[in-house]
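Read the structure below first, then the notes.
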Protein chains: 2
Amino acid sequence: MAARGIGRMRTLTRKGVTLKDVAAAANVSRATAARALNSYGYVGDETALRVIEAADALGYRANRVAQALRSGQLPIVGYLPGDIQNPFFARIAHDLEVELRKHGHNLLIASSEEDVEQERELLESLRSLSVRGFILAPTSATDNQHILQLAREGAPIVLIDRVAENARCDSVLVDNEGGAREVVDYLVTNGHRRIALLRDDSRIFTAQERLAGYQHSLQAHGIELDESLIGVSRSTVEQAIEATIRLFTRRNRPTALFTVDSLMTQGALLALRSMGLSIPQDVSLVGFDDFDLATFTDPQITVMAQPIAEIGPLAAQMLLERLAGKKAAPRLKRFPTRLIVRGSVSHPKKR
Amino acid sequence: MAARGIGRMRTLTRKGVTLKDVAAAANVSRATAARALNSYGYVGDETALRVIEAADALGYRANRVAQALRSGQLPIVGYLPGDIQNPFFARIAHDLEVELRKHGHNLLIASSEEDVEQERELLESLRSLSVRGFILAPTSATDNQHILQLAREGAPIVLIDRVAENARCDSVLVDNEGGAREVVDYLVTNGHRRIALLRDDSRIFTAQERLAGYQHSLQAHGIELDESLIGVSRSTVEQAIEATIRLFTRRNRPTALFTVDSLMTQGALLALRSMGLSIPQDVSLVGFDDFDLATFTDPQITVMAQPIAEIGPLAAQMLLERLAGKKAAPRLKRFPTRLIVRGSVSHPKKR
DNA sequence: TAGCCATGTGAGATCGATCTCATATCGGCC
DNA sequence: GGCCGATATGAGATCGATCTCACATGGCTA
């Protein structure tokens with residue numbers, strides 16, 4: 001009966017053994033209990049032991065919200081990728097989470113879905129949550145007052161995959177321009193001159209850089225830029241299919257296609273097949289960003305690979321250093337990319 | 001000079017316009033300011049206006065940590081998938097996030113990586129963060145005292161993809177046993193009798209159910225169970241490759257393979273190709289869980305598809321109802337699966 | 001023995017928002 | 001004219017952990 005009564009009490013009081021309870025159980029003040037549990041200041045050995053035992057017995061766990069109110073910060077880092085469904089960002093999410101957890105932080109993931117307005121709101125929302133820092137792939141290269149503002153207020157921010165103009169933040173990028181240039185160089189070397197580009201919203205930093213690489217390469221080879229060969233699409237398989245079809249339903253169609261991310265590459269694959277165009281006989285294809293199934297398709301897809309395994313861990317480390325109070329000037333790390341030649345490029349047919 | 005001084009002050013004071021500042025600016029007490037901003041109780045029209053204007057002018061945003069301390073809860077929902085890199089869980093993460101944001105909640109994603117101990121720690125960690133609820137894919141079907149305990153304390157929990165024994169929680173599942181049975185039925189109908197199964201850790205609920213479906217189908221067709229035809233692997237492409245190779249390097253190898261999730265299906269594809277076995281001539285293949293590239297491969301892969309677009313939204317809705325105070329008995333929703341016949345199954349060759 | 005430091009402990013303030021309760025003012029009604 | 005209720009506002013308590021400060025001891029030195 002007694003046991004049942006206690007059980008019910010537990011249930012009713014719901015959650016929350018507080019420091020006060022522990023202090024009462026150990027017959028000391030809250031201050032002393034706190035000292036014993038967090039080992040600072042003076043506490044008698046015997047007292048400390050009593051407190052710790054009481055805490056154990058009651059199953060005490062500090063309320064992190066209360067701690068956060070006092071310290072001004074939750075042990076949470078916010079991650080704002082462009083789209084968590086993109087394997088690139090999902091992989092980074094995983095790596096960040098592993099790294100941050102080692103240091104007692106949780107990762108709060110909120111996808112901006114490539115919408116500046118949503119990015120702004122999410123950032124605002126996380127700010128009012130007093131998260132400790134941000135790891136962010138800015139949706140826009142230019143429209144980012146909100147990010148500059150946050151940085152100005154001293155919030156620890158690490159930008160990944162993309163930079164924001166004028167932002168004084170640590171950044172982790174890849175060499176988009178160089179990678180794109182190398183892709184187009186490679187296609188030109190293989191005899192292509194009508195090379196289509198399928199890219200995402202021009203607001204996005206990587207899209208700009210990859211476009212620049214495309215343009216520079218063409219220019220270097222004396223090939224005139226044909227705007228009609230540049231397709232724009234959102235970064236989803238579905239939208240990429242439509243955009244690809246638009247690019248290839250025209251007279252004098254391109255002999256090669258360069259897609260700027262893995263979801264688009266997949267969309268292009270599907271679209272080309274549905275149009276009865278075979279790779280690489282009818283169209284050569286190179287994608288930016290490698291993906292698991294690139295070696296499953298027939299032919300296997302040639303890609304410009306990013307060192308994805310290094311981005312998350314480095315970003316996490318940079319952020320942790322900032323959280324630890326590092327004051328140095330912002331650091332920008334730009335990883336090289338690597339062309340992986342498989343079977344999706346050949347010389348164009350003579351027509 | 002004056003302006004510069006103010007700028008510097010802003011920088012130094014760092015963050016935080018508080019309610020107190022707003023109240024002071026509007027020349028009212030904190031209580032009145034709170035009433036005006038949250039519109040409750042009596043406030044004079046003119047006063048309210050003054051407060052709101054002051055708040056706007058100062059850029060006031062309520063500190064959610066302070067609110068949480070008082071209310072006991074942060075507007076955060078915790079999501080603990082088995083692995084955020086698995087497209088299945090990534091897709092659900094996306095759907096949950098969209099749905100929850102509509103209701104003012106953020107989603108905190110913490111992957112358990114199929115480790116019970118890690119799941120326990122993460123749950124504990126989120127609990128001390130006072131998150132409002134949990135959406136969880138339990139790592140183990142049986143070892144889940146921590147989940148039962150949490151549920152007993154009245155924490156809102158929705159289980160997805162998997163159930164935890166004895167847990168009185170809302171759950172959203174698919175018909176794993178029926179789906180698996182149907183897959184094997186289909187293979188048997190196509191003349192297969194030596195059907196291999198590649199599944200993940202037997203601790204996992206879906207693995208158990210899918211195994212049961214496999215066994216029941218064989219039994220129904222009078223085929224004796226051969227344990228050596230059952231391979232176990234973690235749910236990653238790499239591990240699945242190895243496990244597949246193990247299954248197929250033996251005399252009298254299986255004529256068909258059933259893989260229990262999309263990453264394993266991809267691993268099996270790679271492994272079979274590397275062994276020079278062609279699909280479906282040498283081996284028929286069916287996977288549980290559809291994936292984008294299943295139609296890109298040659299041949300396209302026959303799969304048992306899950307209604308993935310419905311799982312996240314329903315789970316979010318169930319959780320929101322609980323957060324709103326719904327008291328009804330736990331609800332279990334089990335979606336049917338659907339066989340999508342493509343080209344990876346044929347009759348086995350006579351040998 | 002007076003004085004001082006090292007040690008140990010508790011009362012109360014603090015973080016920011018919210019809520020309860022007390023108080024103040026006004027109009028209207030008997 | 002005085003009283004009641006509706007309206008309006010503020011003082012202070014609360015959530016839980018932590019920190020500052022003040023206050024006790026006790027032992028030791030001068």
Side-chain angles (χ1 to χ4, degrees), chain A residues 13-52 54-55 58-76 104 124-132, chain B residues 13-52 54-55 58-76 104 125 127-132:
Chain A
T13 49
R14 292 293 277 280
K15 58 184 62 176
V17 177
T18 74
L19 185 64
K20 204 170 147 188
D21 302 329
V22 175
N27 210 24
V28 295
S29 70
R30 280 146 47 239
T32 299
R35 273 189 285 256
L37 292 172
N38 303 323
S39 35
Y40 68 92
Y42 291 109
V43 198
D45 291 349
E46 194 224 336
T47 313
L49 198 64
R50 222 168 54 233
V51 170
I52 289 164
L58 295 173
Y60 170 74
R61 277 217 124 214
N63 179 330
R64 295 218 260 157
V65 172
Q67 291 177 322
L69 177 58
R70 194 132 211 300
S71 71
Q73 285 168 333
L74 278 169
I76 293 182
E124 198 49 61
S125 161
L126 294 198
R127 193 152 77 108
S128 66
L129 266 180
S130 314
V131 306
R132 294 204 60 188
Chain B
T13 49
R14 293 296 277 282
K15 59 185 59 176
V17 178
T18 73
L19 185 63
K20 203 169 149 191
D21 302 328
V22 174
N27 208 25
V28 295
S29 70
R30 279 147 47 240
T32 301
R35 273 188 286 256
L37 292 172
N38 302 323
S39 34
Y40 68 91
Y42 290 110
V43 198
D45 291 348
E46 195 224 337
T47 313
L49 197 65
R50 223 168 54 234
V51 171
I52 289 165
L58 296 174
Y60 170 73
R61 278 217 124 216
N63 178 328
R64 296 217 261 156
V65 172
Q67 291 177 323
L69 177 58
R70 194 133 212 299
S71 71
Q73 284 168 333
L74 278 168
I76 293 182
S125 161
R127 193 151 79 107
S128 67
L129 266 180
S130 314
V131 306
R132 292 205 59 190

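Reckoned from all heavy atoms, side chains included, excluding hydrogens, waters and symmetry mates. Since the model is a prediction, treat every value here as computed from it, not as a measurement. The chains referred to below are lettered A, B, ... by the order of the sequence lines, with proteins before strands, and numbering in each begins at 1.
One interatomic measurement links the two molecules: OH of B/Y42 to C1' of C/dC19, which rounds to 16 Å at whole-angstrom precision. Atom-to-atom, CG of A/N38 to C1' of C/dT9 comes out at 16 Å; the value is rounded to the nearest Å. B/L58 has its CG atom 12 Å from the P atom of C/dA17, to the nearest Å. Spacing between atom CZ of B/R35 and atom C1' of D/dA11 amounts to 11 Å, rounded to whole angstrom units. Residue A/Q73 contributes atom CD, which lies 15 Å from atom C1' of D/dT18 at whole-angstrom precision. A straight line from CD of A/Q67 to P of D/dC15 spans 18 Å, rounded to a whole angstrom. Remark: P of D/dA11 and NZ of B/K20 are 12 Å apart, rounded to the nearest angstrom. Taking atom CG of residue B/L69 and atom C1' of nucleotide C/dG16, one finds them 9 Å apart after rounding to whole Å.
A/S71 comes within 4.0 angstrom of nothing in the nucleic acid, heavy atoms only. Using a 4.0 Å heavy-atom criterion, one finds that B/A31 contacts the bases of the nucleic acid, with or without backbone contacts as well. Using a 4.0 Å heavy-atom cutoff across all strands shown, B/V28 reaches sugar-phosphate atoms only and no base atom.
Between B/L19 and B/L37, the closest side-chain pair of non-hydrogen atoms falls below 4.5 Å. Counting heavy atoms from C-beta outward, B/V51 and B/V43 have side chains that stay 4.5 Å or more apart. At least one side-chain heavy atom of A/S125 sits less than 4.5 Å from a side-chain heavy atom of B/R64.
Side-chain N/O atoms of A/Y40 include one lying less than 4.0 angstrom from OP1 or OP2 on D/dC19. When the side-chain nitrogen and oxygen atoms of A/T18 are compared with OP1 and OP2 of D/dG16, none of them lie within a distance under 4.0 Å. Applying the 4.0 Å criterion to OP1 and OP2 of C/dA17, one finds that B/Y60 has a side-chain N or O inside that range.
For the pair B/N27 and B/R70, both in contact range of DNA chain D, the more 5′-proximal nearest nucleotide belongs to B/N27. Mapping A/R30 and A/A33 onto DNA chain C by nearest heavy atom places A/A33 closer to the 5' end of the strand.
Side-chain proximity of A/T32 to D/dA17, C/dT9, C/dG16: nearest is C/dT9.
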Candidate pair A/R35 and A/T47, rule side-chain hydrogen bond (donor to acceptor under 3.5 Å, both in side chains), full reasoning: CA-CA 10 Å; A/R35 273 189 285 256; A/T47 313; over 6 Å; no

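Among all heavy-atom pairs drawn from B/L129 and A/P75, the shortest one is CD2-CD, 4.4 Å.
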